[in-house]
Amino acid sequence: MRPRDRPRRSGRRRWRNRSVIGVDRDPAMLAEARRMADRPRVQVRSGDAGSLPVEDHSVDRARVDRVLMHVPDPAGVLAEPRRAGRPGAVIGLAEPDWDTLIVDSDDLDTSRAFTRYTTTRAVRNATIGRRLPRLAEEAGFTVDAIVTTTPVFRDIEVADQILCLGRNTRRAIESGDMDEGRGRRWFASLSQGPFLASFTLFTVVARIPA
């Protein structure tokens, strides 16, 4: 065996005895997660993102994916993996920036009204994506990488599921943020021809200083 191969084997042995922990507070989600992750080294624990059910300095890797846009205190949530992580631990963060949401339509004003409703009413922390690097550094992490991706949707049914096009159009009309006639015509027009929508997703890889 070549000497350079030995650290790889050592690394595999080191990770072989580690566990993966998933955390959620919803009983239905916990039950489904336990059903899907029925493996000896996978644990599903009941808990809150702002108070993780893990010991201090016990975690080597953490992932926070599309969580911070929903919570009242993103900085408080990021403080938890900082507390739980060992020196050198790596955290991956992924959040959309809903201010970048675009929906192609000849009625540009209503498309903009839809994005405005999404960012001001529908999502608690709609621009959290662009804030991720700053929040990570303020929490005590060192940012190693920032990557942006732009998912493009051409299927309106898929886009409706992920972007809540129909639901948020109805809610924008009900709240008075969108004219009813224009809103209904705008949504109906989206399925009458080629469709396109997109937004920007920010991914940040950071670590706890050794």
Side-chain angles (χ1 to χ4, degrees), residues 20 22 24 26 29 32-33 36-37 49 61-72 74 77-78 81 90-137 141 143-207:
V20 175
D24 204 292
D26 182 82
M29 294 297 292
E32 181 64 11
M36 295 179 64
R61 300 287 185 271
R63 175 181 173 181
V64 181
D65 190 340
R66 286 162 292 180
V67 172
L68 299 180
M69 66 177 179
H70 299 298
V71 300
V77 170
L78 276 182
V90 175
I91 181 172
L93 307 168
E95 297 287 343
D97 191 314
W98 291 114
D99 215 19
T100 65
L101 172 63
I102 61 168
V103 181
D104 179 39
S105 170
D106 288 335
D107 187 353
L108 185 57
D109 287 341
T110 303
S111 288
R112 286 172 170 163
F114 180 84
T115 297
R116 187 164 56 251
Y117 177 83
T118 301
T119 57
T120 59
R121 302 262 195 169
V123 181
R124 186 193 296 268
N125 302 309
T127 59
I128 194 71
R130 73 186 70 174
R131 296 164 55 198
L132 281 182
R134 173 164 52 88
L135 288 171
E137 291 178 349
F141 293 95
V143 173
D144 289 333
I146 304 168
V147 178
T148 59
T149 54
T150 305
V152 175
F153 301 90
R154 301 304 309 274
D155 186 321
I156 188 171
E157 293 184 2
V158 174
D160 192 23
Q161 292 177 358
I162 296 175
L163 306 177
C164 303
L165 296 173
R167 184 181 71 183
N168 283 344
T169 298
R170 290 191 300 272
R171 290 180 175 179
I173 291 171
E174 291 168 359
S175 66
D177 291 277
M178 186 182 291
D179 176 78
E180 181 174 4
R182 290 188 66 173
R184 293 186 182 279
R185 288 193 298 272
W186 176 81
F187 181 71
S189 73
L190 298 181
S191 59
Q192 294 175 359
F195 173 82
L196 184 143
S198 72
F199 65 90
T200 299
L201 180 74
F202 284 80
T203 301
V204 170
V205 179
R207 58 185 166 81

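One is the number of the first residue; the rest follow in order along the sequence.
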Residue pair [X] / [Y]: nearest heavy atoms and the distance that separates them:
X	Y	answer
Ser191	Ile156	N-CD1, 3.8 Å
Ser198	Pro151	CB-O, 3.0 Å
Met69	Arg124	O-CB, 3.5 Å
Ala136	Val143	CB-CG2, 4.0 Å

task: Considering only NZ, NE, NH1 and NH2 on the basic side and carboxylate oxygens on the acidic side, decide whether Arg171 and Asp177 come within less than 4.0 Å.
output: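 No.
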
field: Derivation of the side-chain contact (heavy atoms from CB on, under 4.5 Å) call for Phe153 and Leu196
entry: CA-CA 6 Å; Phe153 301 90; Leu196 184 143; over 6 Å; no

Do any N or O atoms from the side chain of [X] and from the backbone of [Y] form a donor-acceptor pair under 3.5 angstrom?
X	Y	result
Asn125	Ile128	no
Glu95	Arg66	yes
Thr150	Thr200	no
Arg207	Val90	no

- request: Over 60° means perpendicular and under 30° means parallel, so classify the ring planes of Trp98 and Phe199, tilted if in between.
  value: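 Tilted.
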
Taking C-beta and beyond as the side chain, do [X] and [Y] meet within less than 4.5 Å on heavy atoms?
X	Y	value
Ile91	Leu78	yes
Asp109	Arg182	yes
Thr115	Thr118	no
Phe187	Arg170	no
Thr203	Ile146	no
Thr148	Leu201	no
Met178	Thr169	yes
Phe195	Leu165	yes

Rounded to the nearest 0.5 Å, how far does [atom2] of [Y] lie from [atom1] of [X]?
X	Y	atom1	atom2	value
Asp104	Leu190	CG	CG	9.0 Å
Thr110	Arg185	OG1	CZ	8.0 Å
Leu93	Leu135	CG	CG	9.0 Å
Asn168	Ser175	CG	OG	9.5 Å
Arg116	Leu101	CZ	CG	12.5 Å
Tyr117	Cys164	OH	SG	10.0 Å

- prompt: Does the side-chain contact (heavy atoms from CB on, under 4.5 Å) test come out yes or no for Arg184 and Ile173, once each step is laid out?
  reply: CA-CA 9 Å; Arg184 293 186 182 279; Ile173 291 171; 4.1 Å; yes

field: side-chain contact (heavy atoms from CB on, under 4.5 Å) between Arg131 and Leu68, intermediate numbers included
entry: CA-CA 10 Å; Arg131 296 164 55 198; Leu68 299 180; over 6 Å; no

message: Can you confirm whether more than 12 heavy atoms, excluding those of Asp155, are under 6.0 Å from its CG atom?
response: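 Counting other residues, nucleotides and ligands, CG of Asp155 exceeds 12 neighbours.
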
- request: Go through the side-chain N and O atoms of Ser111 and Trp186 and say whether any donor and acceptor fall under 3.5 Å apart.
  value: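 Yes.
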
Check: Asp107/Ser105 side-chain N/O donor and acceptor closer than 3.5 Å: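 No, no side-chain donor-acceptor contact under 3.5 Å.
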
